[in-house]
There are 2 protein chains.
Amino acid sequence: MDNSPHILIVDDDREIRDLLGRFLQKHGCRVTTARDGREMRAALEDWSIALIVLDLMLPGEDGLTLCRELRANSEIPIIMLTAMGEETDRIVGLELGADDYVAKPFNPRELLARIKAVLRRGSERAEAPPADGGQFARFAGWTLDLARRHLRSPDDVAVTLTTGEYELLVAFVDHPQRVLSRDQLLDFTRGRSAAPFDRSVDIQVSRLRRKIEADSAAPELIKTVRSGGYMFTPAVERS
Amino acid sequence: MDNSPHILIVDDDREIRDLLGRFLQKHGCRVTTARDGREMRAALEDWSIALIVLDLMLPGEDGLTLCRELRANSEIPIIMLTAMGEETDRIVGLELGADDYVAKPFNPRELLARIKAVLRRGSERAEAPPADGGQFARFAGWTLDLARRHLRSPDDVAVTLTTGEYELLVAFVDHPQRVLSRDQLLDFTRGRSAAPFDRSVDIQVSRLRRKIEADSAAPELIKTVRSGGYMFTPAVERS
DNA sequence: GGAATTTGTAACGGCATGTAACGCACCGCG
DNA sequence: CGCGGTGCGTTACATGCCGTTACAAATTCC
């Protein structure tokens with residue numbers, strides 16, 4: 001349950017969320033659930049989701065709407081759940097960018113198999129090309145170039161970051177002014193969940209602070225929240 | 001009964017309040033009850049509520065009205081109690097933002113199970129994204145930057161606060177000019193209730209005073225209310 | 001395949017936080 | 001006016017969380 005894929009289940013039916021969630025957890029996935037578009041977006045904010053299982057029928061915004069919205073911003077694989085086995089829905093779903101679909105009532109094993117297949121397929125595929133919007137992130141005078149993986153200090157000096165430091169900084173820049181738990185940070189940077197005595201986040205934070213804090217003994221940019229995690233305090237402006 | 005979730009029961013029926021309250025307390029919850037919208041709002045002022053059990057039928061403002069009002073300001077999970085098992089009510093309730101609903105007469109165990117499920121889900125969910133409004137709180141010349149966790153003294157010197165001191169000050173700033181009991185302060189800062197001989201609030205107050213009071217022997221900002229708690233006396237202006 | 005770099009693990013030390021204990025202020029009482 | 005009692009401020013530790021260093025494992029780069 002460490003380096004496992006993080007699956008997001010979006011369904012308004014509590015039974016399905018709970019049963020499917022437990023089933024997938026038993027089979028080596030991390031699982032987060034959401035009942036609607038709002039919770040889905042929140043979960044996508046909070047975790048690095050590997051794949052979304054999306055119900056077609058939802059109160060409020062329905063699955064097709066959400067699917068289209070997701071595809072506009074991201075490449076996250078989607079498996080649609082549909083009560084109707086109609087061919088048209090299948091086609092519409094796939095045309096909107098769903099990677100597969102499963103008709104309800106479904107066999108959990110079948111869904112799991114399709115999840116694995118889609119993930120396997122996805123991992124073979126190219127990494128997402130430079131996601132268009134927001135190539136630069138500016139905070140407290142610093143400039144982070146997301147495309148070139150470059151960081152420039154306020155006095156315009158290039159600072160070289162290791163991969164891990166860069167990923168950590170990106171996680172912070174993507175979620176500023178929020179307390180992020182070590183678990184969330186590991187999910188964002190490494191796609192895994194924290195082991196009981198995992199201190200790797202702490203030392204990466206320590207190393208990153210040494211490079212970007214004026215006084216790493218009194219950090220201003222990355223604040224520690226005791227027994228809570230860390231918080232990136234400056235406002236971030238993207239362009 | 002220490003680090004337990006604080007449940008607010010809103011129902012006009014004393015039987016239900018008492019029985020359900022005792023049942024939940026026996027199962028490891030802290031419980032506060034309210035008879036109507038007014039008492040509900042008071043309880044939300046006084047405590048850090050983890051979840052609200054809200055009756056649909058209430059004298060005065062009914063549950064749906066309150067539910068909509070709550071959702072306008074907060075993300076606190078809501079479980080609706082409804083006498084009618086009609087599907088329409090369920091849908092209306094859920095669309096207004098209730099997280100689950102239980103039909104009366106209900107089995108307390110079932111309600112408890114749903115409470116736990118909602119809390120589990122909620123804990124996975126996002127903190128509110130950088131809530132834009134009200135990032136600064138000003139009092140007696142001091143400026144507290146809620147986004148950056150910064151405090152500046154009247155003569156514009158940065159004062160570093162520990163996590164605990166910061167949380168305590170936020171609790172005061174959120175509830176100025178009111179007497180706050182130690183129990184309430186613990187609830188706001190740590191989300192737990194006070195143990196019989198718990199003095200931890202006292203010493204945090206002592207430490208905070210040392211940093212923000214001109215003369216910590218004659219405190220002006222944080223006054224002690226004998227056998228009552230503490231009171232944050234200055235007016236707080238937010239922006 | 002070997003060297004350099006990066007990253008995680010273990011360990012130590014420092015600091016924040018809570019517990020215990022002491023002393024003082026306030027209060028009702030004789 | 002003295003006297004205990006209660007409640008609070010504070011100091012002195014104990015505990016646990018966190019920052020950091022040192023080193024080992026893993027990864028990358030030739």
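When reading the values below, keep in mind they use all heavy atoms of this one structure, side chains included, and skip hydrogens, waters and symmetry mates. In the text below, chain A, chain B and the rest are named by the order of the sequence lines, each starting its count at 1.
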Could you tell me whether the side chains of Arg209(A) and Thr224(A) share a donor-acceptor contact shorter than 3.5 Å?
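Yes, Thr224(A) and Arg209(A) have a side-chain donor paired with an acceptor closer than 3.5 Å.
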
Would you say Thr162(B) and Arg226(A) are linked by a side-chain donor-acceptor pair, where the criterion is simply a distance under 3.5 Å?
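Not at all, the side chains of Arg226(A) and Thr162(B) share no donor-acceptor pair under 3.5 Å.
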
Closest to the Arg209(B) side chain, choosing from dG18(C), dG9(D), dT9(C)
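For the Arg209(B) side chain, the nearest candidate turns out to be dG9(D).
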
Which nucleotide wins on minimum distance to the side chain of Arg199(B), given the candidates dG18(C), dT7(C), dC8(D)?
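Nucleotide nearest to Arg199(B)'s side chain: dC8(D).
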
Partners of Asp183(A) by side chain to side chain contact (heavy atoms under 4.5 Å, CB included), sequence neighbours excluded?
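With neighbours one apart ignored, the set is Trp47(A), Ser181(A), Ser193(A), Ala194(A).
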
Can you tell me how far P of dA16(C) sits from OH of Tyr166(B), to the nearest Å?
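That distance rounds to 17 Å.
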
Using whole Å, what does the distance between atom P of nucleotide dT17(C) and atom CG of Leu208(B) come to?
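Answer to the nearest Å: 11 Å.
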
Could you check whether Tyr230(B) gets within reach of a base, just the sugar-phosphate, or nothing at all, counting any heavy atom under 4.0 Å?
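Since only primed, P, OP1 and OP2 atoms lie under 4.0 Å of Tyr230(B), the category is sugar-phosphate.
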
Give Arg207(B) one of three labels, base, sugar-phosphate or nothing, depending on what nucleic acid heavy atoms sit under 4.0 Å from its own.
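Base, at least one base atom sits under 4.0 Å.
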
Which one of Arg182(B), Lys223(B), Gln184(B) satisfies the side-chain hydrogen bond (donor to acceptor under 3.5 Å, both in side chains) criterion with Tyr230(B)?
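Among Arg182(B), Lys223(B), Gln184(B), the one that satisfies the side-chain hydrogen bond (donor to acceptor under 3.5 Å, both in side chains) with Tyr230(B) is Arg182(B).
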
Under a 4.0 Å heavy-atom cut-off, which of residues 218-226 of chain A touch DNA chain C?
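Under 4.0 Å from DNA chain C: Arg226(A).
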
Beyond-backbone contact of Thr33(B) with Leu8(B), side-chain heavy atoms, under 4.5 angstrom
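Counting from C-beta outward, Thr33(B) and Leu8(B) never come under 4.5 Å.
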
Centre-to-centre under 6.0 Å for Phe232(B) and Phe139(B), is that the case here?
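Yes, close enough.
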
